[in-house]
Amino acid sequence: MRKKLGIAALLAATAALVAPGVASAAELDEVAGSLAERTSELNMVWVGVACVLVFLMQCGFMFLEIGFSRQKNVGTGVAKILINFAIATIAWWAVGYGIAEGGGNDFFGDSGFFFHFDQVVAGEAVTGESAMLMLYGMAFCAVSLAIVWGTTLERIKFGAYVIYAAVFGAIIYPLVAHAVWGGGLLGDIGGKPVMDFAGSSVVHLTGAVGALAALLLLGPRIGKYDASGKPRAIPGHSMPLVGLGVIILWVGWFGFNGGSTFEATGNFFGEVMLNTQLAAAAGVIGASIAIYLKSQTLDVGMAGNGAIAGLVGITAPSGFVEYWAAPIIGIIAGFLVVFAVLAIDKLVDDPVGALSAHGLAGIWGTLAVGIFASPRLIAEGAAPGIWYGIFDGNVTFGGTLGQLGVQGLAVAFTFVVVFAISIVTFAIIKGTIGLRVPPEEEDAGLDISSHGMYGYPEVFIPQPEYSTGLPSTMVGGVAPAASPSQMTATETE
Amino acid sequence: MRKKLGIAALLAATAALVAPGVASAAELDEVAGSLAERTSELNMVWVGVACVLVFLMQCGFMFLEIGFSRQKNVGTGVAKILINFAIATIAWWAVGYGIAEGGGNDFFGDSGFFFHFDQVVAGEAVTGESAMLMLYGMAFCAVSLAIVWGTTLERIKFGAYVIYAAVFGAIIYPLVAHAVWGGGLLGDIGGKPVMDFAGSSVVHLTGAVGALAALLLLGPRIGKYDASGKPRAIPGHSMPLVGLGVIILWVGWFGFNGGSTFEATGNFFGEVMLNTQLAAAAGVIGASIAIYLKSQTLDVGMAGNGAIAGLVGITAPSGFVEYWAAPIIGIIAGFLVVFAVLAIDKLVDDPVGALSAHGLAGIWGTLAVGIFASPRLIAEGAAPGIWYGIFDGNVTFGGTLGQLGVQGLAVAFTFVVVFAISIVTFAIIKGTIGLRVPPEEEDAGLDISSHGMYGYPEVFIPQPEYSTGLPSTMVGGVAPAASPSQMTATETE
Amino acid sequence: MRKKLGIAALLAATAALVAPGVASAAELDEVAGSLAERTSELNMVWVGVACVLVFLMQCGFMFLEIGFSRQKNVGTGVAKILINFAIATIAWWAVGYGIAEGGGNDFFGDSGFFFHFDQVVAGEAVTGESAMLMLYGMAFCAVSLAIVWGTTLERIKFGAYVIYAAVFGAIIYPLVAHAVWGGGLLGDIGGKPVMDFAGSSVVHLTGAVGALAALLLLGPRIGKYDASGKPRAIPGHSMPLVGLGVIILWVGWFGFNGGSTFEATGNFFGEVMLNTQLAAAAGVIGASIAIYLKSQTLDVGMAGNGAIAGLVGITAPSGFVEYWAAPIIGIIAGFLVVFAVLAIDKLVDDPVGALSAHGLAGIWGTLAVGIFASPRLIAEGAAPGIWYGIFDGNVTFGGTLGQLGVQGLAVAFTFVVVFAISIVTFAIIKGTIGLRVPPEEEDAGLDISSHGMYGYPEVFIPQPEYSTGLPSTMVGGVAPAASPSQMTATETE
């Protein structure tokens with residue numbers, strides 16, 4: 001830093017050698033070079049911040065799953081996220097990054113494995129910028145994986161995670177990411193790229209399709225459907241923990257969408273973040289209205305799902321649409337998620353609503369780009385020269401549908417690739433070590449059966465010494481009613 | 001980015017055309033222009049980070065409210081924050097931002113509605129910098145609204161939120177923000193502006209006054225006061241969740257105060273953040289000493305309120321006072337909040353202590369600027385040439401009091417405007433849909449009565465299958481005592 | 001900001017005065033000077049972000065402690081972190097920063113007390129950069145202190161915290177920080193500095209040694225060991241809260257390690273963050289394999305400890321090793337922590353595993369630098385010209401061991417200094433006000449005995465009105481089975 005701070009003095013001295021009062025070209029080059037370095041660093045500081053926010057989303061998924069579980073299945077949610085985060089990290093580092101980002105052909109990349117291990121052993125440095133962008137990609141992969149798992153709660157066998165997580169982090173997610181973002185098949189469809197700004201399809205639909213494959217082979221929880229096949233409510237044990245999960249995801253999404261600019265240039269991330277917030281808010285409102293109309297009460301989980309659906313919906317369009325479009329996209333996503341959750345609940349046991357909030361909202365978001373994309377943002381943005389959303393008067397109706405068609409292709413591609421590999425992987429797991437715990441373990445809960453101890457031991461193990469009311473030693477002393485706790489003034493003056 | 005990285009090469013080539021070895025003015029202009037762009041981006045990266053931190057504060061308010069509620073009223077806290085965050089967002093986007101920041105007259109702004117919808121339809125871009133600053137303002141509005149609601153816990157009717165939230169986000173908060181920060185009435189009082197760096201008055205006092213209006217019309221919870229009118233303790237159900245709320249708010253405050261520089265220039269945000277931390281710490285210490293002296297025990301909620309009071313107290317002065325003043329401001333706020341909570345508890349049922357921690361501490365913070373403002377920071381800062389704090393020897397006593405008077409005016413203005421509109425709004429709500437749930441719903445809890453399900457269902461709904469001790473299938477198998485869980489070695493070797 | 005944005009125009013005008021088309025040296029100087037300022041600001045924005053993340057780690061420690069406590073001791077964990085954070089802040093501001101960073105001699109610094117109070121009263125400004133770096137140092141001190149306290153849960157006397165926290169923040173941590181990072185004894189050992197990038201020794205081992213001193217004088221919780229001295233499991237009450245703590249710590253660590261670059265230069269923080277993530281992931285995997293092999297079940301707490309051990313292990317090497325080394329360091333730390341926790345549990349009651357996860361993993365991380373340090377990173381990094389890790393072929397075996405020896409010296413120094421002062425401090429506390437609460441208070445729990453109210457009041461205080469199943473007013477109304485909550489469709493259409 002000493003060097004940089006002295007740059008002005010150094011340059012002033014050099015300038016005098018050229019001509020008094022005149023700046024030398026060499027000096028100017030040096031300043032321009034420094035500025036280019038600072039620009040890269042500024043961009044990576046922004047991506048670094050965004051990356052941390054996306055990592056924080058693991059905490060959001062953890063608590064969404066735990067909150068929607070019963071008390072006997074809360075510790076397993078912690079173990080699941082820790083293990084999956086770990087496996088996704090190592091799989092992405094070793095293989096996935098190379099497949100997603102390592103050049104190659106239309107289908108997969110073929111370099112950069114173990115994060116450019118070949119370069120490292122050759123004594124060449126890999127730039128800090130590469131490392132930062134690779135880590136950011138890893139965070140996205142881990143989000144996509146977390147979506148798969150949440151909804152398998154309360155009955156999946158723990159060991160099944162490890163295998164699928166490795167396949168997902170090394171192959172499934174990277175194939176989709178390569179196709180759309182890594183120079184693969186969907187980057188150029190007759191001159192038109194798929195436009196998925198931060199991954200409504202690449203990340204969210206991918207996760208939801210993995211979840212669908214898992215749920216189909218896994219089946220519902222015991223007691224979810226009655227004898228006639230009608231679904232029954234199995235309420236999650238803690239709405240506060242669901243709320244914690246939702247808000248952390250919401251906040252993390254500013255890194256998810258905002259960081260997908262990969263740079264600070266033109267403060268474009270500000271526009272993306274504002275779109276994100278408007279759609280999330282509209283998603284809450286849409287879902288709240290929908291559930292209230294349907295049931296005359298405001299379901300807490302549905303309000304949360306509305307936020308997530310709004311966020312998933314705006315993920316693809318956040319960098320391509322004007323501000324007025326964002327709340328429209330969000331409110332539609334919010335409506336959609338309520339009706340989808342209620343409809344899907346009759347068919348599949350999806351306790352966190354992943355198929356709806358990440359799957360259908362992901363499809364909606366991907367298609368919404370084809371409807372609302374703004375010429376201004378396309379001209380300035382990542383995809384000049386392509387067809388525009390149907391609300392732009394300057395292009396023909398046929399031309400417009402073209403981009404919508406391209407977006408539809410991305411949905412179809414994502415669905416087919418992810419579903420095919422996932423269903424095969426899960427089928428192999430099911431046929432070997434098994435996907436589901438035995439009924440008596442499901443009944444006892446995964447905490448005690450898979451992890452050796454309840455997540456809330458004092459709820460399940462009798463605690464005779466102190467759980468039967470006030471401790472006798474205290475009753476005559478600092479009795480609660482006489483305490484100043486939580487702001488009472490009765491006895492404290 | 002490619003363009004920028006090649007700037008040095010490009011410029012070097014151009015330079016040769018002017019004179020060998022001499023830098024061309026055009027090139028230098030280009031470098032200077034790029035630097036100006038990078039400067040704006042650096043500033044907005046900082047504001048973007050700060051904005052995310054302020055959004056995270058919604059999570060803090062959610063858990064402060066939930067932690068101080070009883071188990072039957074925990075889900076409603078989640079729904080409340082989600083809905084309020086959503087409504088504040090849409091209201092600020094549509095109307096509030098225009099009133100607060102849209103130029104206009106002394107009383108309200110008159111442009112920028114629906115975030116410059118007029119410009120957007122005219123095909124003009126709104127800059128990313130504007131979007132970022134608008135989002136940051138929205139985050140502040142949402143904080144102020146969250147303060148209003150927290151303390152109405154356990155008895156307010158859910159529908160009442162929606163209406164007041166819309167009025168608050170569209171009108172109430174924007175009027176105050178316009179008066180102080182948006183070029184309105186309090187920006188120039190005989191040449192002296194009100195100095196409220198990050199909003200002790202604009203945000204915190206505004207929220208607390210809204211809360212006061214609500215509480216006066218709402219009345220206390222059933223059982224809060226005994227027959228003789230003496231307050232009784234209704235302890236919050238979870239101090240860990242209160243602690244989560246407090247720490248998240250504390251951390252978020254670095255974005256709240258630190259980001260209110262709106263730029264990174266001169267690393268001034270570092271000074272602001274240090275002041276913030278010193279005051280928060282002193283607030284904890286002040287409140288802990290006060291409650292210990294009063295009751296010979298260290299109340300957990302009071303320690304948390306001390307932190308918040310210290311933070312609210314330093315919010316206005318954080319950019320105007322020297323480091324030595326910050327802990328003094330904080331410790332006084334900490335003392336203040338304890339005695340205020342105890343005193344107010346006899347009159348009004350304010351379970352989270354909002355009137356004290358945000359109201360009185362907000363007033364204290366606003367006035368503290370008039371006492372401690374440093375000439376150095378005023379000369380360098382946003383308000384050159386105004387009168388200084390009374391500890392500056394260079395100005396006359398009369399001059400000094402002048403700024404204190406101006407600060408007092410801000411308090412009075414905020415109180416009158418917010419209270420008048422709020423009490424009318426709440427009175428209309430009370431007279432139409434009603435402010436308060438019926439007693440039997442309050443008794444049953446808002447979760448089941450307003451949201452259709454308990455927030456903690458297993459606490460209230462009998463769970464015969466597995467909550468009666470160890471599951472029989474497990475007792476002979478992986479009995480807890482034989483588990484390695486939580487680090488015991490008994491049976492594991 | 002207006003000033004900066006107009007810089008290009010201003011310079012263009014000035015240039016015309018020198019020679020048409022030629023850039024003036026004065027202008028170039030001004031641009032270069034501005035760039036130097038922006039560079040400092042960019043660096044401090046990064047450190048500011050990192051600082052907030054490290055502050056957030058207080059929340060992680062809070063929940064690690066609370067989650068591993070029983071329900072009767074949960075509020076005290078909140079109070080403890082708030083008070084300790086506050087005391088560490090004030091102690092560091094008043095004294096600790098001066099000792100750590102205030103120049104001076106080999107043993108302690110001697111200036112900068114009360115954050116350069118002497119300068120402030122002389123009317124001199126302290127730069128924002130200094131303030132930011134001082135705050136960042138404070139965050140590290142608070143982390144180290146939090147490590148000491150967590151593991152004393154469920155039996156320590158609250159008042160004992162305050163005294164030790166003040167000594168620790170003012171003297172103990174600053175002495176170690178000065179020795180390694182502040183120009184003290186370990187900065188130059190025969191030309192070789194100790195290399196502890198972000199504090200495996202300085203922060204984590206220091207905290208763990210303080211914890212060891214406390215535990216030795218404090219003794220185990222009642223019931224931890226049976227009559228024959230065999231340890232018994234006392235499971236923590238909430239694995240979800242443990243999980244919350246672990247993930248927050250994990251995320252915060254990106255600020256802890258990533259910010260220890262103190263600058264954005266060359267995007268080096270990206271490399272550090274990637275190393276951090278790889279080691280954390282490998283730590284989870286290592287610990288999970290180890291505990292599974294040992295007990296055929298996947299303990300949730302152990303998976304979490306694996307993450308923390310991986311993070312502590314990579315803390316010292318994160319800026320000195322290549323990517324391939326990070327997962328190796330992490331997986332070894334993960335294995336280590338499991339066996340250490342099981343072994344230590346027989347001797348000392350360390351409920352959160354601090355001695356293992358922060359102590360042994362801290363030693364391992366410090367030594368790992370001596371094994372894996374890369375010539376590339378040493379040449380480019382903070383420590384040119386020193387001996388390298390043993391895997392570098394260019395240096396002799398003897399030379400290599402030299403750095404390992406230097407690292408060992410840091411471990412020994414940290415252990416001796418921290419243990420000596422801590423054991424004396426605790427002995428004095430024990431001999432005066434006492435270290436431990438009386439058995440009847442331990443039995444009743446610290447919440448009710450030290451803080452006047454349970455942290456979970458409704459668990460302990462009978463709640464006849466509404467905790468005995470469904471409220472009768474509701475059974476005929478919005479019965480839970482008929483609710484749409486948590487996504488059921490039964491009755492909602």
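A note on names: the letters A, B, ... follow the listed sequences, proteins ahead of strands, and every chain is numbered from 1. None of the values given here were measured: they were computed from a predicted structure.
Note on A:Leu241, A:Ile285, A:Leu244, A:Val49: by heavy-atom pairs under 4.5 Å with chain B, the leading option is A:Leu244. Of all the listed residues (B:Ala131, B:Gly67, B:Ala79), the one sharing the greatest number of non-hydrogen pairs under 4.5 Å with chain A is B:Ala131. Counting heavy-atom pairs under 4.5 Å between each of B:Phe114, B:Phe85, B:Trp92, B:Phe115 and chain A puts B:Phe85 at the top.
Summarising the geometry of B:Ile90 relative to A:Ala282, their closest heavy-atom pair is CD1-N, 4.4 Å, with the distance given to 0.1 Å. Of all heavy-atom pairs spanning B:Ala86 and A:Ala281, the tightest one is CB-O, 3.4 Å. Heavy atoms only, all atoms of each residue included: B:Gly75 and A:Val300 are closest at O-CG2, 3.6 Å. Taking every heavy atom of both residues into account, A:Thr297 and B:Ser450 meet most closely at OG1-O, 3.0 Å. For the residue pair A:Ala264 and B:Val45, the shortest heavy atom distance occurs at CB-CG2, 3.8 Å. Minimum heavy-atom separation, A:Ile247 to B:Gln58: CD1-CB, 4.4 Å.
Only the side chain of A:Val246 has a heavy atom closer than 4.5 Å to any heavy atom of chain B. With a 4.5 angstrom heavy-atom cutoff, A:Pro327 touches chain B only via side-chain atoms. Only the side chain of B:Phe158 comes within contact range of chain A, with heavy atoms under 4.5 Å apart. Only the side chain of A:Glu322 comes within less than 4.5 Å of a heavy atom in chain B; its backbone stays farther off. In this structure, the portions of B:Tyr456 lying under 4.5 Å from any heavy atom of chain A include both its backbone and its side chain. Looking at B:Ile81, only its side chain comes within 4.5 Å of chain A, counting heavy atoms on both sides. With a 4.5 angstrom heavy-atom cutoff, B:Val126 touches chain A via backbone and side-chain atoms both. When heavy atoms are compared at a cutoff of 4.5 Å, B:Leu82 approaches chain A by way of both its backbone and its side chain. Neither the backbone nor the side chain of A:Tyr292 comes within less than 4.5 Å of any heavy atom of chain B. Of the two parts of A:Ser238, the backbone and the side chain both hold a non-hydrogen atom closer than 4.5 Å to a non-hydrogen atom of chain B. Of the atoms belonging to B:Tyr136, not a single heavy atom falls under 4.5 Å from chain A.
Remark: B:Glu65 pairs with B:Ser69, B:Lys80, B:Leu153 by the side chain to side chain contact (heavy atoms under 4.5 Å, CB included) rule, at least two apart or across chains.
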Could you please spell out the steps behind the side-chain contact (heavy atoms from CB on, under 4.5 Å) verdict for B:Leu35 and A:Val31?
CA-CA 10 Å; B:Leu35 181 56; A:Val31 172; over 6 Å; no
The test is ring pair (Phe, Tyr, Trp, His ring centres under 6.0 Å); show your working for B:Trp93 and A:Tyr323 and say whether it passes.
CA-CA 10 Å; B:Trp93 166 66; A:Tyr323 305 116; 8.9 Å; no
Apply side-chain contact (heavy atoms from CB on, under 4.5 Å) to A:Leu274 and B:Met134, showing your working.
CA-CA 8 Å; A:Leu274 179 51; B:Met134 181 273 206; 3.7 Å; yes
Which is it for A:Arg38 and B:Arg38 under the side-chain contact (heavy atoms from CB on, under 4.5 Å) test, yes or no, and what are the steps along the way?
CA-CA 9 Å; A:Arg38 294 303 85 74; B:Arg38 295 302 85 75; over 6 Å; no
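The backbone N or O of A:Leu42 sits nowhere less than 3.5 Å from a side-chain atom of B:Glu41 that would complete a donor-acceptor pair.
Using a 3.5 Å distance cut-off with no hydrogens or angles, the side chains of B:Ser40 and A:Asn267 do pair a donor with an acceptor.
Expressed to the nearest 0.5 Å, how far CD of A:Gln277 lies from CG of B:Leu135 amounts to 6.0 Å. The CD1 atom of B:Ile248 lies 6.5 Å from the CD1 atom of A:Ile248; values are rounded to the nearest 0.5 Å.
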